[in-house]
Structure formats: C-alpha cells, structure tokens
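Have a look at the structure below, then the notes.
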Amino acid sequence: MKYVDIRDLPPCSLSPQCLRLIDDLDMPTATTASERLAYIEDLQDERHLRQLRSHVPNCPTCSTLLAEARRMRIQQRMMLYYYMVANEREVPATSSSIIEAIRRESEKAAVSETGSSETQARSARAPLPAVAYGTVPIPLHSRSPHRRRIFQNMLTLATVVAVILAAVGLLNRFMAHPANTASTNQSSHPGQTSNPAAPLNNDDWNSALIGLTVLSAGVVSSLNFYGYDTGSGRMTTLVSSTQTYLTVTMEGVSQDGQHLLFDETTPDQQKTYNVYSRAHNVLKVYQVVAHQGGNAIWMDTTHFLVQTIGGGVQELNAQTGLIQQKWALQAGSLTFYRQPFLYFTGAKNLESGALYRANLAQANPIPQRITNSLPDTHYWLSIDGTTIFYANRGSSSERGIYAVGSDGSHLRMLRKGSGIPIGYADDNSLMVMDQVENKFRVVKLGTTPGAPEKVVLADAAPGAVSLCGLPVQTAMTKVCDQNIELAPYGHGLLLNAYYPNGANALLYDNLHTGASHIIRSLPTGTGVQLPGWSKMSLSPAA
Amino acid sequence: MKALDDESQLTIAACQGSVEAFETLVLHYEPRIRRMLYSLTQDSQLTQDLCQETFLAAYRALPRMKGEELHFAPWLYRIALNQLRSEWRRRKHVTWVPFSPPQGYGDDAFDEPGEDYLECPEHFEEQVGQRDLIQRVLARLPEASVACLLLDAEGFSYREIAETLQDSLSAIRSRLSRARQAFQQLYTKLEQEGR
C-alpha cells in the first residue's frame, strides 16, 4: 500500500475534528434509533459530523489522516486488548469466592427475612470468639443460655457492661500477652489471649487479620494488610503499600482488638514500629536502626514491649512512642506478657531457644528458666496463666505436646504425636491441629487429665497437602503454627494451605458448621502472615 | 461491547433476585473486570479485592435497579472504577504509604490533536505484546484516559464509555481522541528511549 506522508499535504482546519469524530465517521449512516439519539445528544457534534461526511472525501489531508488514524486505532485496540488478556492471567480468578460470598449473603438474607426464632437462638448460643494474636482468653463469667437474655435486654446489658468495665482495670493486671512473629522462628505463636472486653462483645471478634506481601528479589515489593469478615466473607484492605521493604512483620493485635502492631524495615536499615487502627490508620510510633530492633508484643491496650539489642527490653507507649521503662534482659525474642511476668526466649548468656520469664515489677529482674532449649517451638500460656503448652517435635525428647507450670515446674506430656497447639476453645480447653491420613484435623483436648479428646473438624483443609509450604520431601513437617489462626473461643479457623498442584490459598473453616471456604487463592511469591483476630469494624463506613 | 446473548434477560432476572442469573453474569464479566482493574492498578491483591467488592456491591444494588432499563456492562464497570477511585482516595489518607494511582502528564499536554503523531506510523508494527512498554505508557496517562482506552479496546461504544465514566458523549469523544494521541506519542518516546 502506498504511504503518503502527512507533512507533504496541505494543512486542514478540520483535521482535529476528523480525529475526534473518527468513530462516528466510521459508523454506518443507517444507524439504529438509539445510536442516532447519541448524536442528537450533542447538536454541535452532529453538525460537525455532517460537515465532515461531505468534506473528507474531497480533502486529501483529512482522508490520509483518517486512514492512518484508523490504522493506529486498530493497532492500539489490539495491543491494549492483548495487554488486558495477559493481565487477566496475572491475577487469580475471584469468581468462585464472589459466588460463594453471594450465596452466603443470599442465604443470610433469607434466614433474616424468616425471622426464625431457632436461628436467633442458634446465633445467641454461638461460642465467644476469642482474642487476638498473642493473648489468652480469660472468661469473666460462664457462657450460658442466660446470655441470650442479656443480649436481648439492653438494660441488663448496660449493667453488665458497667460491671465488667469496672473489672477491666483489675483484670488488666492479670492478662497474658503472647507475641507473634512470622519473621522469626523463636517467638511465640500468634494466638488467643485474655481480653477483658471479649466476653462482653464476644460476637465482635469476627475479623481475621491477614498480611500478604509480594516478594521480589529478596525484598518486599508490595504489602497489603486485610481484614477478613467471617460474617460477610469479604476481605477489606486495611493497609497497602508498594514501597520496598526488607522485611515487614505483623506483630500482633491489642487486647481490645482495635490495634495492630507491625514493623517494617526499609532498605536504609531503619526499622519502624507502627500501630494501625481503623480510626487513625497507620501511626508510626518508634524507629531504631534495623539491627537493634527485635520483635514486639502488646503489654496492654496502650503499651507494648520491644526487644532491642543493647537496650534490653523497653516498654513503649503505643500512642506517643515514649519509652516508659527499660529492663536489661538478654532476650532472643519476646513471647508473651502476663502481669508481672514477661516470657521470652534466651539469648547471649542465657540458653538460646529456651523459654524464660522475668518479673518486670522489679528493676533488675533475674530470668527464670521455664523450659529447655526447643528451637522452632511456639509457646502458649493457658487461660488461667498457670501452664505453658508447647509441641516438642522430637528435638530433645519424645515427640508430642507438653505442659509445664508457668514457673517451670511439673513438666508432663499431654499427648503423643505430631500435633501442635493452636489455641483455646470456648471452654478453655486446648485445641490442637494434627495430620492423620493426609487430612488436617482440629482436635479439642479434654479439660482434665484422661478426659477424651474430641475431633472438632476432621478435614480442615480439603485437598491440601501441607500447612507449611510446598512439600519437597515426604517427611517434611506439614503443620506449621504460622499458617494457622484459630479464632478466639474457637469459632473459626483461618489457614494458609498448600495443594498438590503447587497452588496455595487462604481458607476459612467455620468450626460450628464444619463448612470450609477458600477465601483467596494466592499468586506465587506471596508471603502470608496471620497475626490474629480483631474486633475492627470492616464496614465501608468504618 | 459484545454482551451475553441473553444479557437483558439475565439482568432482569438478577434484579428480581435470581442468584443464578447473577452468577452467570459474574462468570462472564469477572475476567473482564479483573483484567481492567489489574491494568489500572498492577496490583494483584488489590485487583482481587476490588473485583470481589465490585460484584458484591452490584449484587446489593440490583434490587433497586430497573432491569429493563439497566445496561449491565457499563453499570458494572462504573461500579468497578468507583471502587478503585474510592480505594485511591482512601489510601491518600494513609500518609506513610506510597501508592501508585496513575500519574501522568494530564490531558492538557495533548490538547491539540496534532498531525505529527502520524509521522512514523510503521513503528506500531510488531509491537503487540510489549506489556512492559504499554504499562509504562498507561502509567503516564490520566486515569480517565486510560479507562477510555481500555474500555474502547474492550469493544465499548462511545455511548457505553460515556455511561460508564458518567460523562457526556462529546467529552468522551475528545478524551478518547486525546488519549489515543497521547498513547501514541508516549509509546514512541518510551520505545525510542529504550533502544
């Protein structure tokens, strides 16, 4: 085809209009009524169009210009279309999760319309959700059918609220604060802790927090923190960044369920501790040189503890970042706090990997060893604070779940096998995840020695082959603490599961109904952190 | 845009509460919405979130719509783009977090549809598939222009684009024309820089 250079042609004042109305010019003149209406909408454009239809055939400039513009339009459309098609393949499909969410919402609406008293009763009997990452639930009162009447009676509820709020000040002093660390393997597992507010608003512990990071060339190239609402099945973005970080760690959720503590390390080796809340978004609280800052755990709803190199352990105000107190403790990683004791794993002169505790009420506390060195073990403090649970994977004694007094006394094996503790049920009994015949089971241990255990869910991750990562060896451990997040009071379970085809996905198991939902399939190279559950409201208005 | 054969019936049924009808629409449009959103965000996680929020928002709004009058595709894309804009607005309040809404030169830089952009028409040959370059070009264009180009590439008519972007037909004609030229200029420039 002969190509005519536009610069060789005389200029035409109508050329810009030709380009602007090219699609209209190319539309057949015998258009449908609705298309004609489109032209009439803008009389000036219609006038231009009429003018161009008679002008273009006689104008070599406009004719050439239009011919080239058409060619460019086709090429652009084709490029952009294939670009989008390629992009479509970059993102896992969401149809199934959308359809699932819609069905759930539809069923919910149907139930709500019927106003079934049975449903209301079932809802009221739902166990209390437990707490956030790093805490141990301490029920303030027993949960009974009477609670239904409490919730139905605002006056009674107000009274209960007042009483419990009065008790909060006292109970705060007796709470434990387990820590989380997806980034280190010696810290305690994100779990459930006592939360004085939890029994009041047990139904509010319904959002699981999830951190997804995209790893590229060994650094975090983007991060997103989400809240997963178990009621609606929706994931809401809480924090998002495309800044490059060396590491990002979600440390844990405060006892009131409203604050997330996380830290990030930038390539210039600055480590920043941040507090996220729905009300205030991200608040930078404290910054140190990266190699000097360790993990952090909540102490109470307004203070947290940070392990620092050289500075020992510091207590910081979560709003102001001011250092309140310091203790010269040689901690490898902070595990949990229960007034007045801080539990931590040893470092330097202390036995590495062993669990210690120190009385922070003292200015110079002397560490007291609780366990022998147990690398890669997550510790759990019992609801009443008297016992510590952990799994021994066979490194130093027989494989199984052990219990030891929080002062280091009375060590005993609770259960043989490969299971690991994952949290507590609504009756405060220990919940365990194990693998039997390629299925991941959730098991509730008896509350008294010798009491039978109960399988709560026989297949927590249908079809999955691992809860750790893609199994490269058959003997590889397939149940990992950091990919399991049991809801407070054991009403639900969030998992990061791996499948035989190499895919991995986030799953939510409703432990009451036994239903299992895939809530998000994850692209390769996505890092997952499950720091705990929260009370954060995830409604759009929040 | 090429719609489903029975899209009108499906839309009416969905408005009347048929979950099955809506699911059919989800299956048809989810990949399209996903690729549009990812093309605008380059963020897989955000795209998945917005996809889900878009369809849930649509599902919740359907009972209030008149199925006979509803143009489902433009309406759905409008919801998706609104979700995206809300997300970008929301992120602006998180001061420490850098985020990447399209940053560009603005429409003004390309206001006059010149003729010189056709100087080297042949260089568009053999360029299809150069995703990185296209991505860089789109990242420099205003969001509305990118949306126009992508909707046009999806087969939307002017009217459908106008309906989606809630703008006048005249404005869409101008914007799309400028966007095409801007795209071409940037593409040429970046491609030459990359050589």
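In what follows, chains carry the letters A, B, and so on, assigned in the order in which the sequence lines appear, proteins first and then strands, with residues in each chain numbered from 1.
With chain B as the partner, the residue from A:V214, A:L522, A:L212 showing the most heavy-atom pairs under 4.5 Å is A:L212. When B:V19, B:L150, B:L176, B:T47 are compared by the number of non-hydrogen pairs under 4.5 Å with chain A, B:L150 comes out ahead. No other option in A:A86, A:P92, A:C18 has as many heavy-atom pairs under 4.5 Å with chain B as A:P92.
To the nearest 0.5 Å, atoms CD1 (A:I98) and CD1 (B:I33) are separated by 9.5 Å. One finds the OG atom of B:S174 at 11.5 Å from the CG atom of A:L19 (value rounded to the nearest 0.5 Å). Here A:D23 contributes atom CG and B:R173 contributes atom CZ; the two are 9.0 Å apart, rounded to the nearest 0.5 Å. With values rounded to the nearest 0.5 angstrom, B:D43 atom CG is found 5.5 Å from A:S240 atom OG. The CZ atom of A:R77 sits 4.0 Å away from atom CG of B:D152, with the distance rounded to the nearest 0.5 Å. Taking CD from B:Q184 and CZ from A:R73, the interatomic distance works out to 14.0 Å, rounded to the nearest 0.5 Å.
Of the atoms belonging to A:Y226, it is side-chain heavy atoms, and not backbone ones, that fall under 4.5 Å from chain B. Of the atoms belonging to A:T213, it is backbone heavy atoms, and not side-chain ones, that fall under 4.5 Å from chain B. With a threshold of 4.5 angstrom between heavy atoms, A:T526 approaches chain B through side-chain atoms but not through N, CA, C or O.
A 4.5 Å side-chain heavy-atom check between B:L27 and A:I99 finds at least one atom pair inside the cut-off. When side chains are defined from C-beta on, B:Q45 does not count as touching A:T237, because their heavy atoms never get closer than 4.5 Å. By the 4.5 Å heavy-atom criterion applied to side chains, A:M79 and B:F183 are counted as neighbours. Within the 4.5 Å cutoff, no side-chain heavy atoms of B:R178 are placed close to those of A:R20. Side chains of B:Q135 and A:Y83 form a contact here, defined as non-hydrogen atoms less than 4.5 Å apart.
Put simply, the side chain of B:Q48 never gets that close to the backbone of A:A93: no donor and acceptor are under 3.5 Å apart.
Under the ring-ring contact (aromatic ring centres under 6.0 Å, His included) criterion, A:Y228 pairs with A:Y508, not counting sequence neighbours. The ring-ring contact (aromatic ring centres under 6.0 Å, His included) check on A:F225 picks up A:F262, with sequence neighbours excluded.
When every heavy atom of A:T94 is checked against every heavy atom of B:R34, the shortest pair comes out as N-NE, 4.3 Å. Between B:A153 and A:L80, the shortest heavy-atom contact is CB-CB, 3.7 Å.
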Report the C-alpha separation of A:N87 and B:Q42 in whole Å, then their side-chain angles, then the decisive distance to 0.1 Å, and conclude whether the side chain to side chain contact (heavy atoms under 4.5 Å, CB included) test is met. CA-CA 8 Å; A:N87 281 341; B:Q42 294 300 309; 3.9 Å; yes
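Sorted by first and then second residue, the salt bridge (charged side-chain N to carboxylate O under 4.0 Å, His left out) pairs with a member in residues 78-99 of chain A read A:E88-B:R35, A:E90-B:R131; sequence neighbours excluded.
When only modelled atom types and interatomic distance are considered, B:Y158 and A:D24 share no side-chain donor-acceptor pair under 3.5 Å.
Contacts between residues 49-59 of chain B and chain A, counted as heavy-atom pairs separated by less than 4.5 Å, involve B:D49, B:C51, B:Q52, B:E53, B:F55, B:L56, B:Y59.
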